[in-house]
Amino acid sequence: MLGVSPRNRLIAWLLLAGTGLVLFFSGEYRDLGLPLGWFGSVLFIASVWFAVDAVHRVPRSEDEGVIAPGEWQAWVGLAFATALVVAMLGAAEVFRADLPIGQNPDAGRAGGKVGMLFVSWAVLAHVLKQRWSGKVLADERDARIASIACEWGRWATVACVIGIAVLLGFSDTARLREFSYPFIAHMLMTTLVWGLWVEQAVTVGLYWRDRRA
């Protein structure tokens, strides 16, 4: 991508990362006869790493300063949290096997892809913080928004946990046999990720509303 401006280069890498996620989900959870899941995961990882380099090179602009660092992080978090929720819901079926996760290769692969998303998110968030070094990253407004969003995320997690408890508590014996221990563990982890998604979504919504007020 020589000769392309740093900003356009960043947009291109982010678009390729999104394409990688689409291919990953299509290949993993649809029988298309092609290794799209593997190719999508490789494309996503490579694109995120090159996007990290592009973030360093993109010159700062007035438009960037209009949006608070917290809102930038929230948009990034919402994108990754959405990918995590979709990935975990799509992989739920592989955890239904009555096998320990360590002895279930399909579950191991699914866990590896989720871990890949978490690592990519952490790296990109760290690079963004480095980009804003020397600036005030949070003030009273950011703290207020974070507190409200955290409360929403907490209650979303509590609601899901109660839902799982009711499902397990009131299911008949035949129904309970369908829920393996790895599947229950996966449901609980998905609940935590769902709470994280709600927190990021509320954060984005509050920043957006506050900026346009």
Does the side chain of [X] reach to within under 4.5 Å of the side chain of [Y], using non-hydrogen atoms?
X	Y	answer
Cys150	Arg154	yes
Trp197	Leu84	no
Thr190	Val85	no
Arg177	Thr173	yes

For [X] versus [Y], what's the shortest heavy-atom pair and its separation?
X	Y	value
Trp152	Val198	O-CG1, 3.8 Å
Cys160	Thr191	CB-CG2, 3.3 Å
Ala156	Gly195	CB-CA, 4.4 Å
Ala107	Val94	CA-CG2, 4.0 Å
Ser180	Ala97	OG-O, 3.5 Å

For residues [X] and [Y]: do they belong to one hydrophobic cluster (side chain heavy atoms under 4.5 Å, members Ile, Leu, Val, Met, Phe, Trp, Tyr)?
X	Y	value
Val166	Met187	no
Phe183	Leu188	yes
Leu89	Trp194	yes
Trp75	Phe80	yes
Val76	Phe118	yes

### Task
Take atom CD of Glu140 as the centre, draw a 6.0 Å sphere, and report whether it contains more than 12 heavy atoms from other residues, nucleotides or ligands.
no

How far does [atom1] of [X] sit from [atom2] of [Y], to the nearest 0.5 angstrom?
X	Y	atom1	atom2	result
Arg175	Leu168	CZ	CG	10.0 Å
Asp106	Phe95	CG	CZ	9.5 Å
Gln200	Thr82	CD	OG1	9.5 Å
Gln73	Thr203	CD	OG1	11.0 Å
Glu178	Arg96	CD	CZ	5.5 Å
Leu167	Leu176	CG	CG	8.0 Å

### Message
Quick one about Asp98 and Tyr181 (side-chain donor to acceptor, distance below 3.5 Å, no hydrogens or angles considered), yes or no?
### Response
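Checked: Tyr181/Asp98 side chains show no N/O donor-acceptor pair below 3.5 Å.
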
### Task
Quick one: do Ile145 and Arg141 satisfy side-chain contact (heavy atoms from CB on, under 4.5 Å)? Show the steps, please.
CA-CA 6 Å; Ile145 289 176; Arg141 183 192 66 158; 4.1 Å; yes

